[in-house]
Amino acid sequence: MPTNAILINGSQGEGGGQILRSSLALALVTGQSVQIEGIRAGRDKPGLMRQHLTAVRAAVEIGQAEVDGDEIGSQSIRFQPQAIKPGDYKFSVGTAGSATLVLQTVLPALMIAEQPSELILEGGTHNPWSPPYDFLEHAYFPLLRKMGANVTAGLEQYGFYPAGGGRFSVAITPAAELRGLQLEKRGEILQRSATALVANLSRRIAQREIDTAADKLNWAPNCLHVQEVNNSAGPGNIVMIELHSENVREVFTGFGRPGVKAEHVANNAVKQVRDYLATDAPVGPYLADQLLLPLGIAAWKDKQRSQFRTLPLSRHSITHIRILQQLLGIPISVEKEGGVCTVIIGSN
Amino acid sequence: MKQVVFGLLGTRLDRGSAKTDRWQSWRPTVALCQHEDLLIDRFELLYEPKIADLSNTVAEDIRSISPETDVRLHEVHFRDPWDLEEVYSKLHEFMGNYSFRPEQEKYLANITTGTHVQQICMFLLAESRHLPGQLLQASPPKRKQPGEGTYKVIDLDLSRYDQLAARFALEQQESLSFLKSGIETKNTAFNQLIERIEKVAIHSQAPMLITGPTGAGKSQLARRVYELKQQRRQLDGKFVEVNCATLRGDQATSALFGHVKGAFTGATGAREGLLRAAEGGMLFLDEIGELGLDEQAMLLRAIEEKRFLPVGGDSETGSDFQLIAGTNRDLQSDVQEGRFREDLLSRINLWTFRLPGLAERREDISPNLDYELTQFSATTGSVVRLNKEARTRFLRFAESEQATWQANFRDLNAAITRMATLAAGGRISVELVDEEIERLSQQWKSNDNSNSSSLRELQGVVDAQELDRFDQVALSEVIRVCKASSTLSQAGRKLFAISRLSKAKPNDADRLRKYLARFSLSWDQLQ
């Protein structure tokens with residue numbers, strides 16, 4: 001039994017499942033044992049919920065780990081990885097929980113493994129409070145490829161709350177060495193598109209959304225799309241707005257919910273775009289949060305220094321940075337200037 | 001531990017609304033598998049053949065929403081899902097055939113779906129541990145919002161609910177106190193006995209046998225047991241009490257079992273009989289050992305089959321009553337001597353309670369004293385008090401070995417009644433207490449010597465303790481006759497009235513003088 005597990009306070013900062021997932025991801029990457037206490041301590045239903053448990057079990061499988069406390073409601077787990085085992089895996093999340101969050105837990109380790117892997121992930125693909133599939137495919141994975149890891153994905157079936165049942169695959173060819181990223185400028189916007197998507201719901205909803213977005217964004221009609229999909233277990237609706245710039249691609253999403261007007265869903269996505277366009281920072285808030293982990297690993301493993309400019313950091317990201325500092329022992333600095341933050345990961 | 005849920009597929013609720021996509025309706029069986037904090041490893045889903053299509057949809061949806069859950073479908077056909085007997089027996093059979101592994105698996109019975117009768121049966125099976133788990137109740141989300149709503153696990157182990165447990169403890173306390181007529185008895189053995197009787201009274205309908213000396217309170221206890229059962233709505237008939245010693249011969253049979261009109265000379269009308277009168281209620285047969293063998297046989301049949309034949313009748317009648325028998329005899333030895341039927345005894349002594357005499361529980365005299373005083377006040381309407389000194393004096397005697405309490409509570413009740421009646425101004429004085437102590441002592445002393453009151457004649461004349469019982473009886477009669485005669489000769493003539501006839505020279509006076517001399521008595525002493 002490896003003894004000195006690193007103790008992590010699961011209730012720090014925003015105190016959610018993110019601390020658990022990032023800690024597990026970094027434990028897999030470093031081979032370090034972790035003991036996480038106070039998991040989701042302040043929540044209505046504290047401790048591990050089903051989607052967290054799925055993430056824990058996925059990490060156990062990938063890392064051939066030993067684990068204590070992996071049960072519903074547990075606020076404390078001890079995780080001891082042995083060795084990363086790349087290969088073919090399938091992970092299913094219940095309760096329409098986000099399959100992308102499970103991916104987030106195991107992806108970093110597989111990006112630096114000895115062999116390629118192929119994952120099939122089932123559950124929710126487009127959930128609020130977690131990166132939607134399209135964001136991963138169009139915004140996040142291209143940057144991972146830039147870092148040297150060839151990560152590609154394909155969506156088979158949409159999974160919306162509450163029915164879930166989505167399915168996508170991810171192929172990972174690891175990088176022997178990761179490169180850092182320098183994302184200072186957005187560059188020119190090359191392409192724009194706004195898509196309102198409905199599954200098992202009336203097309204009119206999507207039309208109203210796209211009308212609203214068109215009205216607010218004032219974009220050319222060929223940038224606006226209404227999409228009806230039938231590869232979905234249950235009903236669902238999202239508005240996705242994509243900006244493809246010279247140095248970065250960004251995806252902003254509004255989620256339709258019963259009782260929420262279509263116009264409101266569209267406006268929500270439009271507001272994120274406007275906030276993003278209000279500065280010249282290339283990295284939006286969600287992408288910033290996702291980049292911290294791989295850039296941190298590049299700094300720790302391959303002494304790569306990265307730097308990106310983004311909008312003010314969320315509480316979520318600040319917590320995330322603390323976990324990276326604690327588990328990787330790398331310097332991360334954040335400089336604020338006006339409405340833009342410069343995040344520097346690693347040192348020269 | 002794996003989590004296993006049993007549930008019936010809901011014909012209506014699990015289908016969801018036809019108007020919208022089914023995922024927008026709250027469907028309890030699917031919703032249970034959508035909770036973030038409830039991981040169901042296996043769902044044993046029972047469905048009716050007519051909704052087989054729905055069972056497949058629901059199973060499919062559960063697989064999508066809850067890949068961790070293994071859904072197992074079981075087809076069960078209910079001819080009438082509102083028929084308690086049918087539903088219970090089918091579910092009972094299902095659970096009976098299921099191999100439960102409570103060491104590795106936890107079980108929940110979903111009572112959200114199915115008819116109310118089906119839900120009740122699930123409840124009953126969980127309660128009787130045929131389904132060794134807890135109940136699961138799902139509720140829809142508020143204001144028709146989509147989503148999984150809420151769920152509640154209900155544990156039927158009442159002892160885990162403090163408030164309920166406290167309430168039941170209080171209720172039990174109340175029934176114990178009720179059985180003791182509110183008397184705060186202190187005797188441990190007696191209190192344990194009452195606790196046991198309370199349990200049996202509430203949980204059993206079997207006959208009870210109360211033994212114990214006369215006056216120990218058998219009859220009162222029987223009545224209290226009846227009233228307790230009546231309070232708990234276990235009985236709605238009457239309390240019928242009879243002392244079997246008062247029943248003799250044909251009259252006994254007819255009193256107990258009734259007779260038809262013209263059954264015997266004088267039977268001008270039909271008589272219902274005590275067993276019929278106790279229908280739905282309780283029959284207390286005191287002194288059951290005094291019952292004749294014929295009546296014992298009839299009673300046995302009446303207890304076992306609830307049927308009996310009235311005197312002169314040619315068709316049986318029935319009565320469903322609960323029986324308490326009382327006795328102060330040793331029925332076991334009566335059985336050996338052939339005076340009591342063994343089969344009847346074994347039928348009535350499943351629950352035998354021996355009430356101790358008052359002398360065996362002297363610490364209870366004080367609370368009983370208060371009780372008797374209160375009772376006296378209640379019946380007469382005048383309050384009677386015992387001052388501290390008088391009370392101490394009475395109790396010192398009552399609790400001592402001197403007080404034998406031969407007739408137990410009857411003696412205590414009589415003593416209090418006498419003192420209370422004689423109490424001037426409602427206050428029992430020390431003098432009254434002394435007088436009563438003297439009266440009780442005398443009563444018990446003479447009873448000790450013999451059971452005949454004629455022995456009083458010996459008092460103040462000879463020391464009866466020094467005499468054989470043979471002599472006690474003879475001498476007391478001799479003294480009585482002497483006192484009633486004016487001369488020695490007259491007394492002699494009366495005493496030897498038979499034997500003197502066969503004597504040529506009867507010398508009655510001399511015979512009497514010599515007899516008295518044997519006890520150092522003279523004629524003059526007796527005048």
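Note that the coordinates shown come from a computational prediction; the quantities given were computed from them, not determined experimentally. Each chain gets a letter, A, B and so on, in the order the sequences are listed, and its residues count up from 1. Quick note: numbers below take in every heavy atom, side chains included, and nothing from hydrogens, waters or symmetry partners.
- Both the backbone and the side chain of Glu36(B) come within less than 4.5 Å of a heavy atom in chain A.
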Test side chain to side chain donor-acceptor pair (under 3.5 Å) applied to Glu86(B) and Tyr88(B), step by step:
CA-CA 5 Å; Glu86(B) 189 203 353; Tyr88(B) 186 84; over 6 Å; no

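- With a 4.5 angstrom heavy-atom cutoff, Glu60(B) does not touch chain A via any of its atoms.
- Heavy-atom distances place the side chain of Leu201(A), and not its backbone, under 4.5 Å from chain B.
- The pair Lys90(A)-Glu61(A) does not count as a salt bridge, with every side-chain nitrogen at least 4.0 angstrom from each carboxylate oxygen.
- Using a 4.0 Å cut-off between charged side-chain N and carboxylate O, Lys45(A) and Asp37(B) make a salt bridge.
- Enclosure of atom CD in Glu85(B) is not indicated, since only 12 or fewer non-hydrogen atoms of other residues, nucleotides or ligands lie within 6.0 angstrom.
- Among Gly165(A), Gly124(A), Pro235(A), the residue with the largest count of heavy-atom pairs under 4.5 Å with chain B is Pro235(A).
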